[in-house]
Each structure stands twice: as C-alpha cells, then as structure tokens.
Amino acid sequence: MVQKYQSPVRIYKYPFELVMAAYEKRFPTCPQIPVFLGSEVLRESRSPDGAVHVVERSCRLRVEAPRLLRKIAGVEHVVFVQRNVLNWRERTLLIEAHNETFASRVVVNENCSYTVHPENEEWTCFEQSASLDIRSFFGFESALEKIAMKQYTANVKRGKEVIEHYLNELISQGTSHIPRWTPAPVREEDARSQAGPRDAGSLQADRPGSTPGPAPETVLNEGDKLDADYIQRYLGHLTPVQESCLIRLRHWLQETHKGKIPKDEHILRFLRARDFHLDKAREMLCQSLSWRKQHQVDLLLQTWQPPALLEEFYAGGWHYQDIDGRPLYILRLGHMDTKGLMKAVGEETLLKHVLSVNEEGQKRCEGNTKQFGRPISSWTCLVDLEGLNMRHLWRPGVKALLRMIEVVEDNYPETLGRLLIVRAPRVFPVLWTLISPFINENTRQKFLIYSGSNYQGPGGLVDYLDKEVIPDFLGGECVCNVPEGGLVPKSLYLMEEEQEHTDQLRQWRETYQSASVLRGAPHEVAVEILEGESVITWDFDILRGDVVFSLYHSKQMPQPGCQEPGARAGGQLMDKGWVLGVDYSRVEAPLVCREGESIQGSHVTRWPGIYLLQWQMHSPPGNAACSLPGVEDVLTALHSPGPKCKLLYYYEVLASEDFRGSMSSLESCTSGFSQLSATTSSSSGQSHSSPLVSR
C-alpha cells in the first residue's frame, strides 16, 4: 500500500529572496539536522539570463533504525537524489527528491515548493507532499513503514525550524533584505538566438530514470490549501501525519462531494473518531453527509422550533462554559419525565430536539474559539440524576435513548469533551448496564460520575467549573434557567390516531406481552437464574382492574417442566401443593397496583434458582387471597364471564457478568462512585429492589 503525506501551507513572514538565502545555508551539510550527513552537487545549470538555476544533488541520510534492521539491510545510510529548480523571475523553488538506495524495493518520492504568498508578496509559502511504497524489504515491510513515517514526520517539523534558524542568523548578521532578481539588458539578436528557459516539466523529462511525482489527489488548488498558522489557531496541535490526513480528506471531498463541504473542524472530528485512519474516516464522514442531506440537518437550526410542551418539560439547556472554555450543557435527567415526553410529543420529535442541541453545540464551539482565541471543538455536559428512578427504565424510553446515542455517535463524533454525572442514585448501575455497551469506549473514558454529595468540594465540580457558574440547585451561587422538568400530565399525551403516521405504537406493542388475570387464577412468569448477582427488571402497565404484584424464589422449576431455557410464562405455574416458606419464598413484598398505573422495578438476585413474577387480582382487605388459589377459586375463575384484569408487561435479566462488568466500568471512572457501588452490589448479602409506581 502506498502511504502518502501532504503538508499544510507553512508561511514564512519574510520575502522569497531572504528565505532562499536561508535555504542555501543548509548545504552542503546542516548541523541542525543530525540525520543529514552531507551532500554533493551532481549537475548544475543556469539559463542564459540567470533567471533559472537548476541543481541536482546527492544527499546522504543516516538510517535511524534498530541495529538488527540495519545489519540485515547492510547499510548505515541511504542516498537520495534531490533536484531543485529555482526560478528567480517567477520567485519559485520546486524541489523533487527520490531514493537511490533500495530503489527496487522501496520507492520514496517527495515534492516541495517555495512560492510567494498570494495575498502578501513579502511573505513566502512552503508546501510539501510525499509518497512511500514499500514493495519488499526482507520481511520487515511493516516495521520499515513505521520507522520511515516516524523519521519523516520528525524531519518535516525540524525542517521548518532550521529555515527559521538561518533566517534569524542572517538578520542578526545584518542581512534583512535581498533585492529581487532583475534581467540584465539583452541585445535583440541575442534574444532571438538563445532558447528560452525550459519549464519544470521539460527539466524533469531530461532526468534519467526519473520517477513520477505524487498522485493527482495530493496536488491542491490555491483555494484548497490550509495554512499551518490557521490549523494551530482554529484546529489545535496536529502531527504532520494528522495534518496530511486532514488536507487529503478535505481535498477528496472538494473533488467528489456534491453539496456543502463541511468545515475543517467537522472533518477533523471524524478523523479523530477513527484514529486518523483515512479510509475509515472517509467512509464514516460520507455516511454522515448522506444522512444530513436526507434529513436536511443543515437547516435544522433555522427551521426547528421546539413545541411549547418540550420547552416546559424538557429539563435541559445551555449554561455558560467550563474552565476550559467549552460550552456547558446541563441536563436534569432525574427531573425529566422521559416516558411522558415520548407519549406527549413522540420519539421523532425528541430525536429532532436532541439533534438541534448538537447543532447548537457545534455553533457555540465556533463562537468560543473566536472569543477565547484558542481551538474549542467539544462541549461539556453536566447531568444531574437526582430523582432518577425505575420509571426512567421504561423500555421504549431506553430503546429511544439507545437510538439517540447511536445517531449522535455516528454523526457528531468527538463533540463531547467531558460528561459530569452528579447525584447518581442506586438505580443508576442498572441503567448503566443497559446503555454502556452502546457507548463508544473513547466516549466512556470522558465520563466522571459522582454519587451522593461527592461532587462537592475538591475533586468535584470545582475542578471543572468555575465557582461562579456552578448551578444553584447543586449548591452554587449561579441562577440556572434550565427548566425543572416534572411529570407531563396525561391529558397532554397524543391520541393513538395522532401517532398512526409512525410505527411507534407498533414498536411499543411488540416490546410488551399482554396478560389477563382472573379471580383465583394469577398470571406468572418463571425466570431461571443460573448465578447470583444477576438483575431482574420489570416494567408493566395495568390496563384494567387492580392487581397485586409479587416476586418469589424457588430452588425447583414448577411442573410441568420448562419449555425453554431461561424463562417461561403463561397462567398459573406454581404447584398447588407448594407451601410458602418451605417450597418457595417471597423475596419482594406484595405491591398493590391500581388500574392505569405504570410500574417499573428491579431486583438484584442473591441466589441462583427459579424466580417467579406473579400478578393476581387484588381483593379487599377482609377477603385477601393467598398466593396459591384453591380449587373453588379456580372453578370460580373458569366460570367468570371474562377477564377481570388486563396488563402489558416486559421483563429482562441482566446477566451477572454484564452487571458486575458494568459496576467495574463505573468504579474505573474518575469518580466518587465507590459508595454507590457498595450499596448496590449484592455482595453485601442483601437483595435490592427498586419498584416505582407512576400514574
């Protein structure tokens, strides 16, 4: 594979003639570049008027490689042939170089140019491109490629420093101006008899064994070039290889993409997301550009106006910036009724609102870059989880969250600089177990999680936010105008007919199972747990009647045998002869659930075995039914005119390995999460339940 490098435009704020005088000081030797052992002139010629000066040199470079590799190669230095065409009339220097050593195994081509700045003729521009093609090298092709690219990028940086060194030396010696070249007077007959200077193309054609220059994709038009000072000012420090990747991807877009070319900051985010692997970044960026065009995301900030309901109940908003100048977004997730919002405005509206937040974030980053005079390409998000409970584990809401995470990570990579999570409650590890596998590893490393009041004091928010901007609801002095959220009234929910244009209702129905509960005939689900410290979560809605929900544990599977590994459901499963406290035990206190309620909960298991989720009709206090109905109750149920209670339910088991892995992931974060993990982990000998009833 051919490796290519393209530099940005580097600017010397000195006239071309002075830069050329500094450049010539590099020869025949240059102590400032230790690997450059020396050079000798092979050929030299000038045009009759002296305007064009052509020099061909043989340059020796020391090989900086492991001793074993040098011994196998049998060389201590390599030879490059460099051909310079200096045109004083046009004020240009074109440099071509190729390797002679191992030319049959390795092909290195380099092209450089010094030209006058297009907007300031007293400044000089420098550009550089190169290609490396390792065909074969004694089985060390990969090692040689890494060594070559490392050494090359180091020399690129050093080369600029050397020119600046010699410029300063010239100025210190009193040479701060060199007159421009002017042609000597030429008689008319001499002008007709002498051939004009050849162009660079013809000069190259005369060179025996010359190799082709860089591929066309590395040749940039004047308007396509990036200035090195611009990169440092607006994009931040980049290695030469990273600069090259940015320039090449940008130029590829300009040649092939039909539509708006994204800004350099945006392109750079995709390169960072793929560790500057050019092909992978290009594929990711192209898919995102197609998505943006399909959904008209570029017009979102001009066209999107959130519904009034979102403005009132969506508990998120922008709030100044962090200590690094990143825009700060605050999300009071624990105060937000995600289920109510989804039922009131729909998943698509919520997604569009999240996208508008990301678009606004990019816009604010650009503004802060100009305001603070340094590159700011990401923002900080502060998430307050006070109030987070099992209602937030409503499965359609979790699935919508996972979808939003996927869309944001695919189309807004490397935009999150830091995520501060404060006041994380006991239920948070369950939510983290569900969503963390879908979050990119690089993104997870930016999470800082605090339980309880650990966010206060040294090591907390004051390390990342100025005291003047810490919100009042977190003990700060700054008034925060982010909406407080709250429960969305059911009267604001969309009617089913309003949601027919989407498949949202169908997706919700596919998530849940329906069940009917008869008097004396409960509905039960058997869940087989193979090891302790697993987590059983449940989520159900009571559509008709009142029921009592209970959770039991048994060491044996109810008869008849289990239809499939893991779980089975349907009707009454407990044997009539079972005795509570002997054959099975209650691990959760009975919970009375009224018609219209939505219940979410979880249980961290202590023992392996069979866990039974049971729903039975609620009877008045004076006529309470036992957990195992008798024959008369069953006969009554069979002769009942119809079901007395109806419900939709969903349950899920988070495997012990996943849950413990999630806890380890949380504890490995830079956070004060140890207290929370200690109270959540079932290693303390307790089983924990977190039921929630929402109306």
Side-chain angles (χ1 to χ4, degrees), residues 5 7-44 46 50-62 64 77-97 110-130 151-182 227-233 237-240 243:
Y5 168 79
S7 77
V9 179
R10 304 191 185 279
I11 298 176
Y12 299 98
K13 297 182 179 181
Y14 299 95
F16 176 80
E17 290 72 20
L18 190 62
V19 173
M20 289 300 96
Y23 175 80
E24 285 300 321
K25 281 181 166 287
R26 295 177 50 171
F27 303 101
T29 60
C30 182
Q32 283 72 27
I33 305 180
V35 298
F36 184 55
L37 301 179
S39 64
E40 59 178 308
V41 176
L42 301 178
R43 301 177 187 85
E44 185 172 9
R46 297 178 186 270
V52 178
H53 182 198
V54 181
V55 179
E56 191 168 327
R57 294 184 178 93
S58 175
C59 304
R60 291 178 294 114
L61 302 178
R62 185 173 65 244
E64 291 191 340
H77 68 267
V78 293
V79 176
F80 276 73
V81 174
Q82 182 192 74
R83 188 167 187 268
N84 294 0
V85 180
L86 175 59
N87 191 321
W88 292 109
R89 178 186 291 108
E90 301 295 335
R91 303 179 78 195
T92 62
L93 172 62
L94 304 179
I95 306 170
E96 299 173 355
E110 182 181 55
N111 291 74
C112 306
S113 67
Y114 288 86
T115 58
V116 176
H117 193 284
E119 297 178 2
N120 189 335
E121 62 179 13
E122 295 300 314
W123 291 357
T124 305
C125 299
F126 171 75
E127 292 180 75
Q128 185 174 20
S129 64
Q151 184 169 327
Y152 184 79
T153 54
N155 290 342
V156 168
K157 180 180 179 183
R158 188 64 181 148
K160 183 175 186 291
E161 295 172 352
V162 169
I163 293 293
E164 291 173 341
H165 167 79
Y166 285 126
L167 282 168
N168 292 330
E169 183 179 280
L170 285 169
I171 294 172
S172 67
Q173 295 172 352
T175 304
S176 59
H177 175 74
I178 296 177
R180 296 186 187 181
W181 177 87
T182 55
D227 184 288
D229 292 339
Y230 158 81
I231 291 178
Q232 188 70 24
R233 167 66 176 80
H237 173 72
L238 299 175
T239 67
E243 290 175 344

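A donor and an acceptor atom, one from each side chain of E17 and H177, are nowhere located under 3.5 Å apart.
Note that CD1 of I95 is 8.5 Å distant from CD of Q128, once rounded to the nearest 0.5 Å. The CZ atom of R10 sits 11.0 Å away from atom SG of C112, with the distance rounded to the nearest 0.5 Å. Note that NE2 of H165 and CD of E161 are 11.5 Å apart. Values are rounded to the nearest 0.5 Å. Atom CG of N87 is separated from atom NE2 of H53 by 12.5 Å, given to the nearest 0.5 angstrom. With rounding to the nearest 0.5 Å, the separation of CG in N120 from CD1 in I11 is 9.0 Å. C59 SG to Q82 CD: the interatomic distance, rounded to the nearest 0.5 Å, is 4.5 Å.
With respect to R180 and E122, a salt bridge is recorded, a charged nitrogen being found less than 4.0 Å from a carboxylate O.
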Practice problem: For the pair W88 and F16, evaluate side-chain contact (heavy atoms from CB on, under 4.5 Å) and give the outcome as yes or no after the intermediate values. | Solution: CA-CA 9 Å; W88 292 109; F16 176 80; 4.3 Å; yes
Practice problem: Take V85 and T92 through the side-chain contact (heavy atoms from CB on, under 4.5 Å) test and state the conclusion after the steps. | Solution: CA-CA 8 Å; V85 180; T92 62; over 6 Å; no
Quiz item: Does the pair M20 and I178 meet the rule for a side-chain contact (heavy atoms from CB on, under 4.5 Å), with working shown?
Solution: CA-CA 10 Å; M20 289 300 96; I178 296 177; over 6 Å; no
Practice problem: Kindly determine whether R57 and N84 satisfy side-chain contact (heavy atoms from CB on, under 4.5 Å), including the steps that lead there. | Solution: CA-CA 8 Å; R57 294 184 178 93; N84 294 0; 3.3 Å; yes
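Residues Q32 and Y166 form a side-chain contact, since some pair of their non-hydrogen atoms from C-beta on lies under 4.5 Å apart. T175 places a side-chain heavy atom less than 4.5 Å from the side chain of L18.
Minimum heavy-atom separation, V79 to S58: CG1-OG, 3.3 Å. Of all heavy-atom pairs between P15 and T124, the closest is C-OG1, 3.3 Å. Taking both residues in full, the closest heavy atoms of K25 and L170 are given as CE-CD2, 3.4 Å, listed atom of the first, atom of the second, then distance. The minimum heavy-atom distance linking P8 with I231 is given by the pair CB-CD1, 3.5 Å. Contact between L94 and S113 at its shortest, heavy atoms only, is CD2-CB, 3.8 Å. Here the closest heavy-atom approach between residue G50 and residue W181 is recorded as O-NE1, 3.7 Å.
Using a 30° and 60° split on the angle between ring planes, Y12 and Y114 fall in the parallel class, below 30°.
Without hydrogens or angle criteria, S176 side chain to I171 main chain gives no donor-acceptor distance under 3.5 Å. With hydrogens and angles disregarded, a donor-acceptor distance shorter than 3.5 Å links the side chain of R62 to the backbone of P34.
Annotation: cation-pi pair R26/F36 absent, no NZ/CZ under 6.0 Å from the ring centroid and within 45° of its normal.
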